[in-house]
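The structure under discussion appears below in the form of structure tokens.
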Number of protein chains: 2
Amino acid sequence: MARSTAEGKAATAPKASGEAANAAGTAAAKAAKARQRGVTMTDVAQRAGVSRTTVSFVLSNRADAGISEETKIRIAEAVQELGYRPNAGARALASQRSDWYGIVTEIVTAPFAVDIIKGAQDQAWLDRRFLLIAPSDQADAHGPNQGMEDAAIEKLLEQRVEGLLYAATYHRGVHVPESASEVPTVLINCFDADGKLPSIVPDERTGGRVAVERLLQAGHTRIGIINLDPDIPAAIGRLEGAREALAAAGLELDPELVVSGHATADGGYAAACTILDRYPEGEGQPTALFCLNDRMAMGAYDAIKERGLTIPGDIAVIGFDNQELIAAYLRPKLTTVALPFEEMGALGVRTLAALTAGQPIAADQQLVDCPLLERSSV
Amino acid sequence: MARSTAEGKAATAPKASGEAANAAGTAAAKAAKARQRGVTMTDVAQRAGVSRTTVSFVLSNRADAGISEETKIRIAEAVQELGYRPNAGARALASQRSDWYGIVTEIVTAPFAVDIIKGAQDQAWLDRRFLLIAPSDQADAHGPNQGMEDAAIEKLLEQRVEGLLYAATYHRGVHVPESASEVPTVLINCFDADGKLPSIVPDERTGGRVAVERLLQAGHTRIGIINLDPDIPAAIGRLEGAREALAAAGLELDPELVVSGHATADGGYAAACTILDRYPEGEGQPTALFCLNDRMAMGAYDAIKERGLTIPGDIAVIGFDNQELIAAYLRPKLTTVALPFEEMGALGVRTLAALTAGQPIAADQQLVDCPLLERSSV
DNA sequence: TGATTTAGGTTACGCGCGTTAGTCGGAGGT
DNA sequence: ACCTCCGACTAACGCGCGTAACCTAAATCA
């Protein structure tokens, strides 16, 4: 019989069989045991009176190689009693598949877009995969710490990740180190400036459109726009969307109502002052401001309040980015367009899963919607 | 000679030797090669004309077992040419040490204290260790997702992490799942409500003290305090520190000047209104507000400005937490006391390193200083 | 009744690497 | 001329596990 073989083995390995014999102790005892040398599959096999192979089959529940229900139960019990825990590293080594993805990002440094990680984590968790996060200090592609980024990717590859995610804090073009090409790679919130890596970015244009559409719908026709650095993808897309919305309403974008500023509260304050003071109230002064990010909206609030104007009574304000800490705590709470960080992270993992499975992906560059979040400033 | 042995081996393994023969190609070729089946130490050994053992010795630069300089160089060249990359999993399996720590935290969910992760990451990186981050959705110890937290720890243990970090978003007591006790565990920004796990928490008391000391130093003697929920550790500690500072100046804490509110901007606004309206200006009205968090300070700003008062001219304001997005963008910028998240994360890793090395740690509960950040509101 | 299938396993090999216990040829000592 | 010692390596084993190939007794079939 099978059992006799296993028991014979146990007899020739007194130490192991001794362990198994007294293993039905308390939880604490189990923990102590597990710590000192690690319960292995062999231990489980001996306790259940079967071969290690059988245990392996059961634990990775292979439907084929038929194992009797009774045996499965005995093995499950042994696993419980011994507190067995699979060794992920050994499994990866033997099976040549790690179930790990890696994400390299400076987001660890800049909490702003940490939701990308959250989205990716959650999706990976759902797919029963592990997401290894490697930090990268670099703020721009040619920064002084390029070495750190390379090292991060290298470390991830040493872990034999099956795919790589590369995420940026703000939407821009990046140069990905060459070593990343050794496994499937997907860019998040950025795009490949030289190669053809698939990427996932926010749909800035549509975001800009819905923002302005919302203001038009509220009856505003003179809309001031507080712009970012006009050269970055976010500004280009959002402004184009704004233009589209105006055009659809038969309006044109008045260049005098567009002011660029530093992407800070101070910058927003200054820009808002410029726009508001250019025309007297009621005579061309805009009745709404579209701020291309929430920090600038924060400054705009001050400028508006300083002039004795109310929000949204006199001036409606709409932001962009949905930086919770700002948007949800400004008074009144800021209506804004959200950057879909979580969704981008999740989509990144799904795209990676498709890639590693050899399936085709939807498109080289996938756009994710930026939804409008209604609060109280319009 | 040594070489003849190795070459003999190569001759009996035509596939491998063929690979080695054309391996000095372009970077792209190397990458392709590395991908399809992985360059192993054996490949390196063959190319360098030595045994695998020798390669292993050199790569883990063991000073003892003397290897000639010449051989080391030959091996280094082979590593370069083949694009060899060690397999972390296999190494961990063979050496029984993983060099991995795990951190389980709901911080992934709540970006507020993401700096803990950053600090831990950076320190781990310096120590040449890898930090595995596992998410946990639970907001409080008895939340509905306790199962997820257990699963997270389980997953980390399956990776054979050598130590565990457990971090909370806000300073509080927690109950750590039992399975965490299988490896050294350190709590960050929280403390063990029932056991005796070592923990690292902010020094709230000293933080409260320096805040009030700063206000006293600026000449304020009537200081309003906008309190949090009075029962949480943060409130207790900060208030005690405030009391200490006042006592040192021969003053007492006027209970009428302490108002608790909801820990939001609205709550801060309401509390500030209560305090400011309780006394007429100049006749007992406080000239400074110590807000126990920055969000409440944000609301206090509104209350102050609404009354036509200036900051810091009429009323000085000091916050707590240093939530960058708020503190650095309020106008005027908010002077506040910083929670040392990064430092706590780093100290957590260092403590874990000591623990896993069997060294004693400084104390069961380590306090980390909360530094005062001077901006423009005092 | 002997041949064949099938259920329920088992044996044996290898994944990539760390590590202990050698091996081997030559320099130095007597 | 013999022994010892040392420098520079190598052979061989095992880490925990997945998996292809094989085995055996009972059930089924011709």
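Chain A is the first sequence line, chain B the second, and so forth, proteins listed ahead of strands; every chain is numbered from 1.
Between A/W125 and A/F130, the ring planes are tilted. Angles from 30° to 60° get that label.
Distance, A/Q159 CD to C/dG16 P: 16 Å, rounded to whole Å. Atom CG in B/D99 sits roughly 15 Å away from atom P in C/dC17 (whole-Å rounding). In this structure, B/E69 places its CD atom 11 Å from P of D/dC9, rounding to the nearest Å. In this structure, A/E158 atom CD and C/dC17 atom C1' are separated by 13 Å, rounded to whole Å. Taking atom CG of A/N87 as the reference point, atom P of D/dG16 lies 7 Å away to the nearest angstrom.
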Stepwise side-chain hydrogen bond (donor to acceptor under 3.5 Å, both in side chains) test for B/T53 and B/S56: CA-CA 5 Å; B/T53 304; B/S56 177; over 6 Å; no

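Between the CG atom of B/L164 and the CG atom of B/L187 there is a distance of 9.5 Å, given to the nearest 0.5 Å.
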Using a cut-off of under 3.5 Å, enumerate the N/O to N/O pairs linking the protein to nucleotides 18-28 of chain D.
| residue | atom | partner | partner atom | Å |
| --- | --- | --- | --- | --- |
| D/dG18 | OP1 | A/R91 | NH1 | 3.3 |
| D/dG18 | OP2 | A/S56 | OG | 2.8 |
| D/dG18 | O6 | A/R52 | NH2 | 2.6 |
| D/dT19 | O4 | A/T53 | OG1 | 3.1 |

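When each of A/S68 and B/Y84 is assigned the nucleotide of DNA chain C with its nearest heavy atom, A/S68 is the one assigned upstream, toward the 5' end.
Residue-level contact check: B/T71 touches the backbone only, with heavy atoms under 4.0 Å from sugar-phosphate atoms and none from bases.
Annotation: side chain to side chain donor-acceptor pair (under 3.5 Å) contacts of A/R91 (sequence neighbours excluded): none.
The shortest distance between side-chain heavy atoms of B/Y101 and B/I103 does not fall below 4.5 Å.
A salt bridge links B/D122 with B/K118: at least one charged nitrogen is closer than 4.0 Å to a carboxylate oxygen.
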